[in-house]
Amino acid sequence: MELWYTEEHSPDVKFSIRVDEHLFSAKSNFQRIDIMRSNEFGVFLTLDSLMMVTEKDEFIYHDMIVHVPMAVNPDIKKVLVIGGGDGGTVRELTRYESVLEIDLVEIDDMVVSACRRFLPLMAEKLSDPRVNIFYEDGLRFVRKKEGYYDLIIVDSTDPFGPGEGLFTKEFYGNCYKALNDCGILVNQHESPYYKVYAESLKRANERIRQFFPFVKLYQAHIPTYPSGHWLFGFASKKFDPVNDIKEDYWNNLGIETKYYNTQLHKGSFALPNYVKKLIEKQGKI
Ligand code: SAM
């Protein structure tokens with residue numbers, strides 16, 4: 001009997017992966033957590049049946065959410081990661097000796113323990129001595145901080161369920177306040193392709209623009225996310241993510257990556273016209 005994981009990408013589009021083994025399934029206080037093994041994508045995590053990360057394509061997402069801001073500001077030392085319980089974002093951050101402190105605020109400790117058990121290559125660096133894990137709501141956590149972080153990365157689920165608060169005006173305003181004068185906010189910014197994701201993209205972009213002088217979107221192709229065309233938001237108090245890239249500095253670090261490179265960094269901010277149109281009324285991008 002064949003087992004398939006299926007996610008609805010739109011009311012008329014479904015995406016399925018053949019599953020070899022259902023490794024883990026549990027209901028936490030926040031969401032349904034499943035971990036499965038597949039031939040094509042290796043082991044993968046879903047939350048409330050929505051695709052989060054797969055062993056095969058996670059490098060794309062984690063390269064782009066971390067190395068883009070890190071190539072813009074070489075002085076990033078204190079980082080806040082909100083969500084990110086699978087550990088992939090933290091793993092990439094720990095590759096920088098310049099990073100001294102990583103606060104991971106993950107609402108669901110069951111996600112961390114499941115990923116430590118079944119996705120060790122992603123979660124392994126959660127035990128790095130620079131990492132402090134706080135099991136609480138990122139929306140509440142960030143209210144307590146002022147002018148502290150160089151970088152905030154919001155590696156959250158989509159804007160419903162526990163992740164909903166991480167797409168609000170209040171949250172973005174508190175992220176602005178929690179960042180220092182050179183602060184950068186990067187977030188997973190949904191997708192321009194299917195209606196429900198495009199609408200959350202627009203809303204998030206409108207809200208972020210109310211606080212940050214520099215707001216640009218960049219893109220990557222992530223096969224297991226709806227439509228594959230996935231965007232990230234780069235918001236900053238001081239830096240333009242393309243004009244201010246420190247290309248020689250980053251290349252001299254010698255960090256081996258499977259996806260990110262500095263030419264791709266610059267190219268990823270060149271958006272298709274339909275995406276520019278989707279958000280242009282909030283001002284030039
Ligand atoms: N890369 C994935 C994506 O783009 O959808 C996200 C991966 S990571 C597993 C998402 C994490 O965000 C989950 O572990 C979830 O528990 C966490 N999360 C959701 N809402 C949160 C909140 N309000 N505060 C902190 N963590 C939250």
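Computed over heavy atoms, backbone and side chain alike; hydrogens, waters and symmetry mates excluded. Computed from a predicted model, the values in this text were never measured in an experiment. Sequential numbering from 1 along the given sequence is applied to the chain's residues. Just so you know, ligand 1 is whichever comes first in the structure, and atom 1 is the first atom listed for that ligand.
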Check ligand 1 for N or O atoms under 3.5 Å from a protein N or O and list each pair with its distance.
| unit_1 | atom_1 | unit_2 | atom_2 | d |
| --- | --- | --- | --- | --- |
| ligand 1 | 1 (N) | Tyr61 | OH | 3.3 |
| ligand 1 | 1 (N) | Asp155 | OD1 | 3.2 |
| ligand 1 | 1 (N) | Tyr225 | OH | 3.1 |
| ligand 1 | 4 (O) | Tyr61 | OH | 3.2 |
| ligand 1 | 4 (O) | Tyr225 | OH | 3.4 |
| ligand 1 | 5 (O) | Ser156 | O | 3.4 |
| ligand 1 | 14 (O) | Glu106 | OE1 | 2.7 |
| ligand 1 | 14 (O) | Glu106 | OE2 | 3.2 |
| ligand 1 | 16 (O) | Gln31 | NE2 | 2.9 |
| ligand 1 | 16 (O) | Glu106 | OE2 | 2.6 |
| ligand 1 | 20 (N) | Pro162 | O | 3.1 |
| ligand 1 | 20 (N) | Gly163 | N | 3.3 |
| ligand 1 | 23 (N) | Asp137 | OD1 | 3.0 |
| ligand 1 | 23 (N) | Pro162 | O | 3.0 |
| ligand 1 | 24 (N) | Gly138 | N | 2.9 |
| ligand 1 | 26 (N) | Ile107 | N | 3.2 |

Would you mind listing every side chain to side chain donor-acceptor pair (under 3.5 Å) that reaches into residues 99-110, with sequence neighbours excluded?
Ser28-Asp108, Gln31-Asp108, Glu101-Tyr148, Asp103-Asn132, Asp103-Tyr149

Considering only NZ, NE, NH1 and NH2 on the basic side and carboxylate oxygens on the acidic side, decide whether Lys78 and Asp150 come within less than 4.0 Å.
no

Does the distance from a Lys or Arg side-chain N to an Asp or Glu carboxylate O, for Asp244 and Lys238, drop under 4.0 Å?
no

Counting only pairs under 3.5 Å, give me each side-chain donor-acceptor contact of residues 60-74, with atom names and distances, residues two or more places apart or in other chains.
| unit_1 | atom_1 | unit_2 | atom_2 | d |
| --- | --- | --- | --- | --- |
| Tyr61 | OH | Asp155 | OD1 | 2.5 |
| His62 | ND1 | Glu58 | O | 3.1 |
| His62 | ND1 | Glu58 | OE1 | 2.7 |
| His62 | NE2 | Asp86 | OD1 | 3.4 |
| Asp63 | OD2 | Tyr259 | N | 3.1 |
| Asp63 | OD2 | Tyr260 | N | 3.0 |
| His67 | ND1 | Tyr96 | OH | 2.6 |
| His67 | NE2 | Glu92 | OE1 | 2.9 |
| Asn73 | OD1 | Asp75 | N | 2.9 |

Hey, are Asp57 and Thr224 close enough side-chain-wise for a donor-acceptor pair under 3.5 Å?
yes

Show every salt bridge (Lys or Arg N to Asp or Glu O under 4.0 Å) that has at least one partner inside residues 246-260, sequence neighbours left out.
Glu247-Lys266

